[in-house]
Structure formats: structure tokens, C-alpha cells
Amino acid sequence: MAKITSVRGFRDILPDETPKWQRVEEKIRRIFFDFGIQEMRIPVLEKTELFKRGIGEATDIVEKEMYTFLDRGNEYLTMRPEATASVIRAYIEHHLYEKDPMAKLFTIGPMFRRERPQKGRFRQFHQINVEFLGQEDPRIDADLISMLMYLLGEVGLENLTLEINSLGCDVCRPAFRETAVCFLKEREGRLCDDCRRRLESNPLRIFDCKNEACQKTISEAPVILDFICVECREHFEKVMEYLHLLDVSFVINRKMVRGLDYYTRTAFEITTRSLGAQNAVTGGGRYDGLVQMLGGPAISGIGFAIGFDRLISMLPDTDEGSGSPRIFMAALGEEAQKHAFYLCNMLRRSGVRAEMDFSGKSLKSQMKRADKLGCSHALIIGDREMAEGTAQLRNMGDGTQGPVNIHDAGTILRRVTG
RNA sequence: GUGGGUGUAGCUCAGCUGGUUAGAGUGCCUGGUUGUGGCCCAGGAGGUCGAGGGUUCAAAUCCCUUCACUCACCCCA
């Protein structure tokens, strides 16, 4: 029979890895708590329309990367390719803005994009999303970004580069777009095939192209920062001012654009060299029009997504250690095993990690297992001990052992934890 | 969607230009100690050589097809 394997690009995170995921997640939750960011849990499946409207029809995500299917009942559903649209949908649906004009939300979970898998990219991947809704003050931008940098540092990431840019707003971006397209059209012959296609579909994306010839052309092209309106410029400068105040270092990337349509004004990205070609750990930005675009009131917002899988892969493998049981019950004979079974469970209920063996193997192999599991102690119970009412408690570290009353779980507990 | 690399034991890999029963290390099991782990020693189990087809007296090895994994492009977290 043919083996059933996992779906391409979907992977298992095995017990060896999960402690790392848990440690990071706990730390992040703690930080979010301190910063007053509340969790929201949202569905993995949404109506396709949500992403078409939220992310933009012409984006790669919507055009070719979504897992979309026709549900019974003739409705198109999509496995979410990102979280922001869902968060905003829920925010609008439950009228959260009526309760409190300002919301700071986070969500953690899997996202799905049907791309070709490679290093740091999976079809199911995990993101940590944070959204600050309801205020467009530039200090919010600085607050969010500095929190993000702090968080990544606390988790243990090093050698990060924060790049920021302003993408302008509805007022100033169209003008820039027009001159940029004009400029690029005049030099269409020097652009690569992809970029020529982008001229029609998503011209601003050309600024992101890695092709050398294109880069050369782009280096002479107009830059959005020279076109943004007074309000956008003031906003951007305030963001930088407050980042300085919090001692967050950054570089301005004048050519940075975003792959999703909803971004306005502040855009940022955090990259690292230790991740292969997929060097972005985090991307985010302001999206002042999104809530309205999805049918809500005119409420501004800013947020980011951390690539959880990428973050984890950058962290060194450490021995978490804490997963080792403290004591192993090595029992010989039926009576002894029965008592060990009882003791084992008593100890566990007292908060001591205890293990035992049910296969009736030799003492030697039970001791081997105790060692393999990394137990600090082994309790040896055989017929002799059962008769005497004492067991041998062995310290696996130094090899010393001595008698202990087998009916006195309290003493065993103290000897093991003390 | 496009291109490169790789598929041999649970894991990491060797197997040269085709040649008998396909190997090593590690892990696993058992024994050396009639009831004592780590170190050491001995033994054992474990493989449709990714799959299908072809060439040949003979294929893990050569050819074709296919699948998977992987890296890169595209794009993004």
C-alpha cells in the first residue's frame, strides 16, 4: 500500500521542536500582555471575497496563491493567506470600535499560500499578527515598531535590520504613481520581462525587482518620498523622531513597497542575513483605508506580521532540559509493579514528573531507559523491597542509593525535589 | 509556474568507470553482571537501493519517464 505522506509544503512540527515554539510563544504572550495587546482568535477559513477586497485583486496572493474552493452551497471559501483582513472583518462584524475607539489586538496561527516551498517558505506557515486600530497618530507607529524590535530582541534574535519608508496616502500616491509609470514606460526596453508585465498589473512593485538592469533604471527613477504630501511627510518625520526617542535604529529604504494593496504611509520590514533568500522576518505598515474598504467606518490602523517559522529557524537549538522526568520507577515482579504504578501516579499528582515501564523488562533495561529519559532519580522496587517495605532510591547523577519507605510518597517526593 | 541539486537501514551517509549474499557510523533490541544506567565488548533485528519502464548474460550503478525532497527565480512572513 502506498504510504500516505503530508501534503507538500505542509509540515509536522515534532516533539523535539515544540519546546522552542512554546518558549517563544510564551515570551511573546507575556510581552503582549505588558503592552496591553489583547488576543483575538479568528477562523482559518473565510469567504474568498474578503481577501479579494482586502488584499487586492491584482496581487500575487489573490491571483495565484490562495487555497480557494467552492463549498457546498455554492460559496467560494479561502484558507486565509494572511490575518489582517480577518482581524478587520471580525473587528467590524462585532462592532468593536463602538466599545472602544482604540484597539490593540494580536493573533497567532497558520496561514496558507500555494507557493513553491523553499528555505523559510511553506504552504502552511505561522504568523504572529499585531494590529493597532483606531488612531493615526505617528506615535502609534513608533510605539508599534519599537515594541516589535524589543520583542524580537527579547526572543533572542540578533543582527536585524529595520527598514522603513512612507508609501504616501490616497492624496499623494496617485500623483507619484503616474510619474513613476511615465518614467518607467519611457524606459520599458531596459526592464526585464517580469517588470514589463508589472507595468500593467502593479507598477510600484518594479521598485522591488532584484534584476540588475532594472535596479539601475530604478536608481534614477522618481522616489515616493519626494512626492508625499505635507501631512504624510510630517507623519513620517514624527515616526522617525519617536523611534529615535526610544533608541530604535533604522534605515530608510526609499524603494521599499508592499505586496498588498492596503498599505498607506508607514511601511517597514525587518530583515536578516541568516535566513537565505527569504530574508524578511517581519513586514508591516499602516493601512488607513482598509477598515473602510471592508465596509467599516473610517478607522485607521497599523500592524505587522512576524513569520513564526522563520523566527524559530533563526534561534539556536538549545536543550530545553525541563522536559526530563525526575524519577523513574524500576519495578521487578507483579506486586512491585503494581505498587510502582500507584506510586508513580501519586507522585505525578504531587507535581513530580514520574515514569515507569510496563513491559516487564529486566532491571538493566529499565535503568537504561531511566538514563535515556534523563531522570535524576530511579526508584528500584523488587520482591525484596516489597517484603521489607523499603525501596532503593538511586541518584542517577552520582550513582549513590539508599533505602526509602515505599509507602511514604511524601519522603520520596522531598528526596527527589530537594 | 520556471531552473539547478539530491533520493541507498529509524537517522547521517559510503558504495569508483555495471559483476555474486548492498555496507559503515549512530540509534534500537539482547547478552557480558541470576536485581542496577552512563564507558567498554559481543551478538541481533532492520533495506521493494523513491516509483515505473528500458538497455544488458548481469543494474543501487547506464538511459527514459514519473514522484518526492531541497535550493534558487517569481513573490512574500
Side-chain angles (χ1 to χ4, degrees), chain A residues 1-3 5-9 11 14 16 55 58-65 81-84 108-130 148 152 192-195 197-198 201-202 205 208-211 256-260 268-272 275-285 303-314 328 330-333 336 357 359 361-386 391-401:
Chain A
M1 208 188 313
K3 246 182 253 164
T5 60
S6 64
V7 177
R8 145 169 269 200
R11 63 181 180 141
L14 301 175
D16 276 352
I55 302 172
T59 58
D60 280 15
I61 292 180
V62 173
E63 268 181 4
K64 50 190 192 196
E65 293 172 4
E82 60 113 40
T84 302
I108 295 179
M111 307 295 155
F112 307 86
R113 290 185 203 172
R114 218 201 112 88
E115 300 175 271
R116 194 81 172 259
Q118 71 185 72
K119 192 179 175 69
R121 187 166 68 199
F122 311 97
R123 289 181 172 184
Q124 174 177 334
F125 58 102
H126 302 80
Q127 283 189 343
I128 301 154
N129 280 258
V130 173
L148 170 60
L152 294 176
C192 67
D193 293 348
D194 285 325
C195 284
R197 214 187 51 237
R198 290 192 189 109
S201 61
N202 207 337
R205 192 78 59 71
D208 246 357
C209 187
K210 284 159 192 157
N211 182 297
M256 178 171 42
V257 294
R258 306 267 70 192
L260 283 56
F268 57 93
E269 203 165 290
I270 295 170
T271 56
T272 170
L275 221 49
Q278 310 305 317
N279 61 358
V281 198
T282 302
F304 62 75
I306 302 174
F308 207 154
D309 309 68
R310 289 181 186 178
L311 190 159
I312 294 287
S313 75
M314 290 169 66
F328 191 90
L332 292 166
D357 175 79
S359 60
K361 284 182 179 170
S362 68
L363 179 59
K364 177 185 175 125
S365 75
Q366 292 192 53
M367 293 299 285
K368 267 190 170 167
R369 180 153 178 80
D371 186 59
K372 186 183 159 190
L373 291 175
C375 297
S376 58
H377 296 265
L379 190 72
I380 300 159
I381 317 174
D383 298 335
R384 287 207 297 266
E385 286 78 7
M386 283 308 288
Q392 291 293 317
L393 182 64
R394 183 179 179 86
N395 182 317
M396 299 296 281
D398 56 25
T400 57
Q401 67 182 52

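Order of the sequence lines fixes the chain letters, A, B, ..., with proteins taken first and strands second; residue numbering starts at 1 for each chain. These numbers were taken from a predicted model, which means no experiment stands behind them. Only this structure's heavy atoms are used, side chains among them; waters, hydrogens and symmetry mates stay out.
- Protein atom CG of A:Asn279 is 15 Å distant from nucleotide atom P of B:C71, rounded to whole Å.
- A 3.5 Å limit on both hydrogen-bonding distances identifies no Watson-Crick or G-U partner for B:G18.
- Using atom P as the reference point in both B:C67 and B:G31, the two lie 49 Å apart (nearest Å).
- Comparing the same atom, C1', in B:G3 and in B:G47 gives a spacing of 33 Å after rounding to whole Å.
- The distance from the CD atom of A:Glu82 to the CD1 atom of A:Ile55 is 4.0 Å, given to the nearest 0.5 Å.
- With B:A77, B:G37, B:C71 as the choices, the nucleotide that has an atom nearest any side-chain atom of A:Asp371 turns out to be B:G37.
- Taking the side chain of A:Gln118 as heavy atoms from C-beta on, and the options B:C71, B:G35, B:G37, the nearest nucleotide is B:C71.
- Look at B:G44: its Watson-Crick or wobble partner, with both distances under 3.5 angstrom, is B:C28.
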Verdict with supporting geometry, A:His126 and A:Ile312, side chain to side chain contact (heavy atoms under 4.5 Å, CB included): CA-CA 10 Å; A:His126 302 80; A:Ile312 294 287; over 6 Å; no
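- Here A:Thr282 contributes atom OG1 and A:Gln127 contributes atom CD; the two are 9.5 Å apart, rounded to the nearest 0.5 Å.
- Set against B:G35, B:A77, B:C76, the side chain of A:Ala305 has B:A77 as its closest nucleotide.
- For the pair A:Arg123 and A:Ser362, nearest-nucleotide mapping onto RNA chain B gives the more 5' position to A:Ser362.
- If you measure from atom CD1 of A:Ile380 to atom C1' of B:U36, you get 5 Å, rounded to the nearest angstrom.
- Relative to the side chain of A:Lys364, the nucleotides B:A77, B:G35, B:G37 differ in distance, and B:G37 lies closest.
- When distances run from any side-chain atom of A:Arg114 to the nucleotides B:A77, B:G37, B:G1, the shortest one goes to B:G1.
- Counting any heavy atom pair closer than 4.0 Å across all strands shown, A:Gly120 reaches a base atom.
- To the nearest 0.5 Å, atom CD of residue A:Gln401 and atom CD1 of residue A:Ile380 are 4.5 Å apart.
- Atom CG of A:Leu393 is separated from atom P of B:U36 by 18 Å (rounded to the nearest Å).
- Looking only at distances, no side-chain donor or acceptor of A:Arg310 sits under 3.5 Å from a matching main-chain atom of A:Val281.
- B:C62 is paired with B:G54 under the Watson-Crick or G-U wobble criterion, all donor-acceptor distances under 3.5 Å.
- Taking every side-chain heavy atom of A:Arg116 into account, B:A72 is the closest of B:C29, B:G35, B:A72.
- B:U61 and B:A22 have their P atoms separated by 14 Å, with the value rounded to a whole Å.
- The listed nucleotides are B:G35, B:G37, B:C74; the one nearest the side chain of A:Leu363 is B:G35.
- In this structure, A:Asn395 atom CG and B:G38 atom P are separated by 16 Å, rounded to whole Å.
- Residues A:Lys64 and A:Ser6 both approach RNA chain B. Their nearest nucleotides, taken by heavy-atom distance, put A:Ser6 toward the 5′ side.
- Remark: the separation of the C1' atoms in B:G44 and B:C71 is 40 Å, to the nearest Å.
- Residue contacts for A:Arg394: at a heavy-atom cut-off of 4.0 Å it reaches a base atom on one of the strands shown.
- Comparing the same atom, P, in B:C28 and in B:G50 gives a spacing of 26 Å after rounding to whole Å.
- Across all strands, A:Gly397 comes closer than 4.0 Å to base atoms (heavy-atom distances).
- At a threshold of 4.0 angstrom between heavy atoms, the contacts of A:Gln401 include nucleobase atoms, whether or not backbone atoms are also involved.
- Stacking between A:Phe125 and the base of B:A77 is present: ring centres sit under 5.5 Å apart and the planes differ by under 30 degrees.
- Here A:Arg113 does not reach the OP1 or OP2 of B:C76: none of its side-chain N or O atoms lies under 4.0 Å away.
- Considering only side-chain atoms of A:Glu385, the nucleotide from B:U30, B:A77, B:G35 that sits closest is B:G35.
- Summarising the geometry, the separation between CZ on A:Arg8 and C1' on B:G50 is reported as 15 Å, rounded to the nearest angstrom.
- Nucleotide B:C69 forms a Watson-Crick or G-U wobble pair with B:G5, both donor-acceptor distances falling under 3.5 Å.
- Nearest to the side-chain atoms of A:Lys372 among the listed nucleotides B:C76, B:C28, B:C73 stands B:C28.
- Only the P atoms considered, B:C62 is 8 Å distant from B:G18, to the nearest whole Å.
- If you take atom P in B:G25 and the same atom in B:C40, they sit 13 Å apart, rounded to whole Å.
- Remark: side-chain polar atoms of A:Arg123 are paired, donor with acceptor, to backbone N or O of A:Glu115 under 3.5 angstrom.
- With rounding to whole Å, A:Met396 atom CE is found 13 Å from B:U36 atom P.
- Spacing between atom CG of A:Leu332 and atom P of B:U33 amounts to 18 Å, rounded to whole angstrom units.
- If you take atom C1' in B:U48 and the same atom in B:A60, they sit 13 Å apart, rounded to whole Å.
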